[in-house]
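Let me begin by presenting the structure, written as structure tokens, before commenting on it.
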Amino acid sequence: MKIVVPLDGSNAGFKVVHHAIELAKLYDDEIVLLNIQPTLQELGLATIKKGGYMLHGQDVMYSAKVRTGIPAMEIIAESNDKEVRYIAMAIGKGKAEAIGSVSKQVLQLAKCAVLLIPDHAD
């Protein structure tokens with residue numbers, strides 16, 4: 001099975017990688033690092049490289065993808081694979097609300113479990 005981990009380059013997003021590693025080891029899952037960019041001109045390779053570096057030496061299988069499009073829609077498209085156990089992502093940058101807009105959309109549309117990690121989590 002797989003864990004989809006969307007990375008936007010934020011510190012909160014990278015904190016999720018540590019939680020995903022723990023769960024991947026527990027369930028023997030593969031982590032799929034996912035970065036979404038609005039256009040092909042803005043490749044998220046630096047973000048993916050940093051996420052991959054965090055996984056290096058952790059004895060966890062992983063792959064990485066950069067997709068273009070609307071973040072919530074691309075996360076949902078990636079998670080529609082029957083092999084995806086859940087999506088693990090940062091809770092988002094919501095100020096007035098408890099969660100950010102992308103996280104909220106993913107929660108509403110996902111067909112698999114969604115794990116939201118708050119920025120203050122260890």
Side-chain angles (χ1 to χ4, degrees):
M1 300 291 287
K2 298 177 183 178
I3 305 167
V4 175
V5 181
L7 294 177
D8 61 1
S10 68
N11 288 336
F14 288 119
K15 280 186 177 181
V16 174
V17 175
H18 296 293
H19 294 278
I21 289 169
E22 288 179 36
L23 294 169
K25 286 180 177 181
L26 183 65
Y27 293 108
D28 197 29
D29 286 345
E30 175 185 350
I31 294 174
V32 179
L33 301 176
L34 180 64
N35 179 261
I36 297 103
Q37 296 295 323
T39 67
L40 285 176
Q41 295 172 341
E42 300 177 44
L43 288 180
L45 297 178
T47 298
I48 291 295
K49 277 186 175 181
K50 183 174 179 178
Y53 179 76
M54 295 171 74
L55 290 165
H56 184 74
Q58 292 294 325
D59 198 30
V60 173
M61 291 189 331
Y62 72 94
S63 59
K65 296 181 180 182
V66 177
R67 295 176 71 132
T68 58
I70 300 168
M73 298 298 104
E74 295 302 320
I75 293 167
I76 294 302
E78 188 66 35
S79 69
N80 280 337
D81 180 341
K82 291 179 183 175
E83 288 292 311
V84 172
R85 185 183 305 272
Y86 47 80
I87 302 164
M89 60 189 294
I91 200 163
K93 300 175 184 173
K95 301 285 188 245
E97 298 180 23
I99 64 172
S101 60
V102 174
S103 300
K104 187 174 186 175
Q105 291 170 338
V106 169
L107 274 173
Q108 291 172 339
L109 299 171
K111 294 178 182 173
C112 64
V114 179
L115 174 64
L116 295 179
I117 307 294
D119 189 37
H120 60 271
D122 290 337

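Scanning all heavy atoms of the two residues, the minimum distance from Cys112 to Ile87 falls at SG-CG1, 3.8 Å. In terms of heavy atoms, Gly52 sits closest to Leu33 at N-CD1, 3.5 Å. The minimum heavy-atom distance between Ala88 and Pro6, with the atom names listed, is O-CD, 3.3 Å. Nearest heavy-atom pair, Asn35 versus Gly44, reported as atom, atom and distance to 0.1 Å: OD1-CA, 3.2 Å. Across all non-hydrogen atoms, the minimal contact from Met54 to Gln58 is O-CG, 3.5 Å. Between Val16 and Ala90, the shortest heavy-atom contact is CG2-N, 3.3 Å.
Counting heavy atoms from C-beta outward, Tyr27 and Ile3 have side chains that stay 4.5 Å or more apart. Using a 4.5 Å heavy-atom cutoff, the side chains of Ile75 and Leu109 are not in contact. Side chains of Val106 and Ile76 form a contact here, defined as non-hydrogen atoms less than 4.5 Å apart. A 4.5 Å side-chain heavy-atom check between Leu116 and Met89 finds at least one atom pair inside the cut-off. Residues Val84 and Val32 fail the side-chain proximity criterion, which asks for heavy atoms closer than 4.5 Å.
Note on Met61 and Leu34: separate hydrophobic clusters, where clusters join Ile, Leu, Val, Met, Phe, Trp and Tyr whose side-chain heavy atoms are under 4.5 Å apart, directly or indirectly. Leu26 and Leu115 end up in the same hydrophobic cluster when Ile, Leu, Val, Met, Phe, Trp and Tyr side chains are linked at under 4.5 Å. In this structure, Val4 is not a member of the same hydrophobic cluster as Met1, with clusters built from ILVMFWY side-chain heavy atoms closer than 4.5 Å.
Heavy atoms from other residues, nucleotides or ligands lying under 6.0 Å from CD1 of Ile70 number 12 at most.
Listed by first then second residue, pairs satisfying salt bridge (Lys or Arg N to Asp or Glu O under 4.0 Å) with a partner in residues 21-39 read Asp29-Arg85, not counting sequence neighbours.
For the atom pair NE2 (His18) and CG (Leu55), the distance works out to 9.0 Å, reported to the nearest 0.5 Å. Rounding to the nearest 0.5 Å gives a distance of 7.0 Å between NZ of Lys2 and CD of Glu78.
Checked by atom type and distance alone, the side chain of Thr47 never pairs as donor or acceptor with a backbone atom of Asp8 at under 3.5 Å. Ser79 places no side-chain N or O within donor-acceptor distance of the main-chain N or O of Lys111, the cut-off being under 3.5 Å.
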Next on the checklist: Applying side-chain contact (heavy atoms from CB on, under 4.5 Å) to Val17 and Leu7, what does each step give before you reach the verdict?
Outcome noted: CA-CA 9 Å; Val17 175; Leu7 294 177; 3.9 Å; yes
Next on the checklist: Pair Asp119, Ile91 - check side-chain contact (heavy atoms from CB on, under 4.5 Å), show working.
Outcome noted: CA-CA 7 Å; Asp119 189 37; Ile91 200 163; 5.7 Å; no
